[in-house]
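Structure first, commentary second.
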Amino acid sequence: MYNNSDSPIGIFDSGVGGMTVLRALLQRLPAESYRFLGDTARLPYGTKGASTIIEYTLKAAGKLVDMGPVKMLVVACNTASSVALPALRERFPNIPVVGVIQPGAKAAVRASGEGRIAVLATEATVRGGAYVRAIHALNPDAHVIGRACTLFVPLAEEGWLEGDVVEGVVRRYIGDLFAPEQTQTPDTLLLGCTHFPLLQKAIASVVGPKIAIVDSAGTTAEAVADSLKEQNLLCTRAQQGSVRFMATDNVRRFAATGGLFLGRNLSEDDVELVDM
Ligand code: DGL
């Protein structure tokens, strides 16, 4: 029932941030159809404990699957990917599941000349250590440091993306990594949270132009394309696919902020309010 190349891809995040991944998917795989769920009622996941994150993730994925067959589940949330992938695979053994951690690790290792990588993420993602493991699997000599940057999430949600206040917050969280006395200054920053790409400009202005800044959106789209191809599940339609947007709370805010993440206008009429 799931192995139908015309079925949509189910994609979810704790909120709107996963639209940075959806945006990359729409560029890479425009013929596919997508069912996107943002669990805005429970955002943020990143400050919660592992068992709560697993519970919410299983509910969100269950909601997408209950709406009809999906040929793949994309976990467009770093926090959920870092904590809940094994539980998700166990609950849905017949649906391929792609998370953002391995693709993000790949992007960081590719970009880093010296292997000194700082992962900026939520508390739960840093605590779980999934990025450190994924980066070390690709480069055992890498020096990886995780840094929880909790306030970046509400800043991005609020659309505060640049300026003194945002740069001050960035400096407060990561300024010490670039202090002159630091011996292991990162050469690469991995934005290990779906919200953080929106703050990239402010982060770059704090750390300067020599530091590579990468995220997992592009490499996740690559991983999805490779996996669909391997399983013969790529959509054969010639025309553009469709996107169904859903949120569990405040569709008006979801549409307004989601448009920022997606890079195009969304109206609240484009978003369905769902319960899970
Ligand atoms: N989507 C989450 C992530 O990528 C960030 C927002 C949250 O804390 O739920 O980690």
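For ligands, and for the atoms within them, numbers begin at 1 and follow the listed sequence.
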Give the atoms of ligand 1, by number and element, whose distance to some non-hydrogen atom of Tyr45 is under 4.0 Å.
7 (C), 8 (O), 9 (O)
Evaluate the ring planes of Phe152 and Phe196, with Trp represented by its six-membered ring, and classify them as parallel (under 30°), tilted (30 to 60°) or perpendicular (over 60°).
perpendicular
For ligand 1, which part of Thr122 has a heavy atom less than 4.0 Å away: the side chain, the backbone, both, or neither?
side chain
Pair Arg253 + Glu158, salt bridge at N-O below 4.0 Å
yes
Pair Asp39 + Arg42: basic N to acidic O under 4.0 Å
yes
Do me a favour and list the nearest non-hydrogen protein atom to atom 1 (N) of ligand 1 with residue, atom name and distance?
Asp13 OD1, 2.7 Å
Is Gly15 in contact with ligand 1, taking contact as a heavy-atom separation below 4.0 Å?
no
Thr47-ligand 1 polar pair, N/O distance under 3.5 Å
no
Is it true that Glu272 and Arg244 have a side-chain N and a carboxylate O under 4.0 angstrom from each other?
yes
Under 4.0 Å from one or more heavy atoms of Thr79, ligand 1 contributes atoms 2 (C), 3 (C), 10 (O)
In the protein, which heavy atom is nearest to atom 6 (C) of ligand 1, and how far is it?
Ser14 OG, 3.5 Å
Examine Gly46 against ligand 1 and note whether any of their N/O atoms are separated by less than 3.5 Å.
yes
Salt bridge check, Lys71 against Glu32: does any charged N sit closer than 4.0 Å to a carboxylate O?
yes
Pairing of Arg171 and Asp164 as salt bridge, 4.0 angstrom limit
no
Out of all atoms in ligand 1, which are within 4.0 Å of some heavy atom of Cys193? Include the element for each.
3 (C), 4 (O), 5 (C), 10 (O)
Anything under 30° is parallel, anything over 60° is perpendicular, the rest tilted; go ahead and classify Phe36 against Phe245.
tilted
Looking only at distances, please establish whether an N/O atom of ligand 1 is found under 3.5 Å from an N/O atom of Thr125.
no
